[in-house]
There are 2 protein chains.
Amino acid sequence: MAGRSSPPILTDCFSCQARQRTEWCVLNEDDLKRINDAKKSRQCLPGEVLYHQGDACRGIVCIESGMIGIRKIDADGNSVLLGLAYPGDTLGYRALLMAQDHEVSAEVLKKGSVCLIGEATVRSLLDHNPSLGHRFLWRAVKDLGEAENKFLESVTLTVRARFAHLLLILKDRYATDVEDGAISLELPLSRQDLAAMIGIRPETMSRTIRQFEDDGIAHFSGRTVHVPRIASLLDEFEHEDYL
Amino acid sequence: MAGRSSPPILTDCFSCQARQRTEWCVLNEDDLKRINDAKKSRQCLPGEVLYHQGDACRGIVCIESGMIGIRKIDADGNSVLLGLAYPGDTLGYRALLMAQDHEVSAEVLKKGSVCLIGEATVRSLLDHNPSLGHRFLWRAVKDLGEAENKFLESVTLTVRARFAHLLLILKDRYATDVEDGAISLELPLSRQDLAAMIGIRPETMSRTIRQFEDDGIAHFSGRTVHVPRIASLLDEFEHEDYL
DNA sequence: CGCCAGGTTGATTTCGCTCAAGCAATGTGG
DNA sequence: CCACATTGCTTGAGCGAAATCAACCTGGCG
């Protein structure tokens, strides 16, 4: 499914809606022009892989629209979704900075468009614009904190608790409808991808969803979830065992 | 055990052995003088806590000698050792950059000396010396990669495999004696801290060590370990199930 | 229509946690 | 100096959560 190359499109950094949210918002007119000239935009479709784990890093990817999944696969073929990336996020900066191959894959989950910016351009901008480096530093530090939390959770919390937490996180972005304590959300992910996000097997995901149904914590129908009481998710998440 | 404040000592950044390995190696004479004047050095003893999870961040800590453990504790009291820090490592930069409280504790594991550098000094140096920011960026990106690997391992590998990997990592620093495939190492950690590093219970650590003994993979006596064949550790680590 | 990927469900197993006891080394106060 | 806590480590018994193996059931899609 991957690899069918999509048509290039015309996008303009100056009018890019996502730019405000990116690390690039600190660029001045000149720098913005440089990046605008150097970048290549293109559409991308679900299933497409922007870069594979192990690929040489040729530059970075800036998401204008759509959704990208960051996936990591170990030697035994276990696949884990390390995170989701949205418009304004910049991908691949880590491999670029470490000057090594990509350690993760970036896979399109929802159709959208991305811009590719070559290694040389990025390096030159970084060298000559300190505040750009600061933004990336800030970003890396934030990601680092989240990664450490995930490790902590994976070794201390049960699957139920981790799934509850995942739903709480997805809520912030996907809650379509909120009324005093009750929410409903449209998940952007398949069941297997949900499973991959908390590092469990698809079967276990199914069963955990079943449990939440039976316990009245949430109702699942396709990719839409209805949670009558957000508080119950919080209970599951933090109140591991309330005795 | 914590909190008995140790005597300040005199240390000079210019002659600091650890500096070559730090982010600060990019400082010029002037900056080095500023940091040298602003810093406060002191000895620290095992058990002492340099800063607690939840403390406000007042600056950063630079390790001149000794060993520091980075610990994170969740709401239920589960303690995990996220990493070890050595001479040349700089701690607390994350809380400082994010301008928030420390998310982890830094606990002295081996006697040594550290330098404390105030928030204002660090910020001013960062603002006015771009390459310092680049060094920290590089460092954060490296830590991020490691953190993600730990998450991946925790959800895919067995305890045996994770422990084998931990030994392989400790080997690089603590292998006291190597002869064609056989090594012996002096662990810097108690059993419970070893357990905390891979997110398991002390009892499980005991049993895993027992297994390694029984399988002839390693021999443990106190804190010294003898591994007749390093290859067997590698097998445990990557060859999860070879059938 | 057959095929296949995604999802659910059931039966079974296994790995690691919990609870509990015991033990050696160390410390501590009378 | 001994009686005693205390702390770190080990071991056992039992349990429970999640993985594994396997069947089956959809809903697209050629």
Side-chain angles (χ1 to χ4, degrees), chain A residues 1-2 46-47 69 74 76-81 107 109 151-164 166 187-215 218-225 236 240-243, chain B residues 1-2 46-47 69 74 76-81 107 109 152-164 166 187-215 218-225 236 240-241 243:
Chain A
M1 302 310 143
D74 74 3
D76 303 337
N78 298 86
S79 157
V80 164
L81 253 194
E107 172 189 331
L109 296 178
F151 173 69
L152 186 64
E153 285 191 9
S154 75
V155 298
T156 56
L157 300 187
T158 64
V159 164
R160 269 182 85 107
R162 281 189 273 157
F163 184 46
L166 177 59
L187 296 184
L189 296 167
S190 69
R191 310 273 152 133
Q192 7 188 35
D193 281 343
L194 288 174
M197 287 211 72
I198 53 180
I200 62 175
R201 304 282 140 191
E203 298 98 314
T204 307
M205 183 81 269
S206 259
R207 288 185 237 273
T208 308
I209 286 176
R210 195 67 160 65
Q211 286 179 34
F212 276 22
E213 291 266 6
D214 292 349
D215 297 350
H219 180 252
F220 295 77
S221 137
R223 287 189 174 187
T224 64
V225 190
E236 286 297 330
E240 187 63 14
D241 46 358
Y242 41 107
L243 208 281
Chain B
M1 298 306 156
D74 73 5
D76 304 336
N78 299 86
S79 158
V80 163
L81 253 194
E107 170 189 332
L109 297 178
L152 186 65
E153 286 191 8
S154 74
V155 297
T156 56
L157 300 186
T158 63
V159 165
R160 270 180 83 109
R162 283 189 273 157
F163 183 46
L166 177 60
L187 297 184
L189 297 166
S190 69
R191 310 273 153 137
Q192 2 190 37
D193 282 342
L194 288 174
M197 287 211 72
I198 53 179
I200 62 174
R201 307 280 140 189
E203 298 98 316
T204 307
M205 184 81 267
S206 260
R207 288 185 236 274
T208 308
I209 286 176
R210 193 69 158 65
Q211 285 180 34
F212 276 23
E213 292 266 6
D214 292 350
D215 297 352
H219 179 252
F220 296 77
S221 137
R223 288 189 174 187
T224 64
V225 189
E236 286 297 329
E240 189 62 15
D241 47 356
L243 207 283

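Quick note on labels: first sequence line is chain A, next is B, and so on, each numbered from 1. Since we're looking at a predicted model, the values are computed, not measured.
At least one side-chain heavy atom of Arg162(A) sits less than 4.5 Å from a side-chain heavy atom of Ser154(A). Side-chain atoms of Arg191(B) and Ile209(B), non-hydrogen and from C-beta on, do get closer than 4.5 Å to each other.
If you take CD1 on Ile200(B) and CZ on Phe163(B), they are separated by 7.5 Å, rounding to the nearest 0.5 Å. Between Ser206(A) atom OG and Arg201(A) atom CZ the span is 14.0 Å, to the nearest 0.5 Å. Atom CD of residue Gln192(A) and atom CD of residue Glu203(A) lie 10.0 Å apart, to the nearest 0.5 angstrom. Distance check: Glu153(B) CD to Thr158(B) OG1 gives 10.5 Å after rounding to the nearest 0.5 Å.
Using a distance-only test at 3.5 Å, with no hydrogens or angles considered, a donor-acceptor pair links the side chain of Thr208(A) to the main chain of Thr204(A). Judged purely by atom type and a 3.5 angstrom limit, Asp76(B) has no side-chain atom pairing as donor or acceptor with the backbone of Asn78(B).
Environment of CZ in Arg223(A): crowded, with over 12 heavy atoms of neighbouring residues, nucleotides or ligands closer than 6.0 Å.
For Glu107(B), the salt bridge (Lys or Arg N to Asp or Glu O under 4.0 Å) partners at least two apart in sequence or on another chain are Arg71(B). Every residue meeting the salt bridge (Lys or Arg N to Asp or Glu O under 4.0 Å) condition with Arg160(B), not counting sequence neighbours, appears here in chain and number order: Asp215(B), Glu236(B).
With rounding to whole Å, Phe212(B) atom CZ is found 17 Å from dT10(D) atom C1'.
Below 30°, between 30° and 60°, or above 60°: for Phe212(B) and Phe220(B) the angle between ring planes is between 30° and 60°, a tilted geometry.
A 4.0 Å heavy-atom criterion places the boundary nucleotides of DNA chain C facing chain A at dG6(C) to dA11(C), written 5' to 3'.
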Its contact letters, B for base, S for sugar-phosphate only and - for none at protein heavy atoms under 4.0 Å, make nucleotides 25-30 of chain D read ------
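Using a 4.0 Å cutoff on non-hydrogen atoms, the parts of residues 190-198 of chain B near DNA chain D are Ser190(B), Arg191(B), Gln192(B), ordered by number. Interface residues of residues 200-211 of chain A facing DNA chain D, ordered by number: Ile200(A), Arg201(A), Glu203(A), Thr204(A), Arg207(A); criterion, heavy-atom separation under 4.0 Å.
Residue Leu187(A) is tested with Asp193(A), Leu194(A), Leu166(A) for a side-chain contact (heavy atoms from CB on, under 4.5 Å); the sole match is Leu194(A).
Toward the 5' end of DNA chain C, the nearer of the two residues Val155(A) and Arg223(A), judged by each one's closest nucleotide, is Arg223(A).
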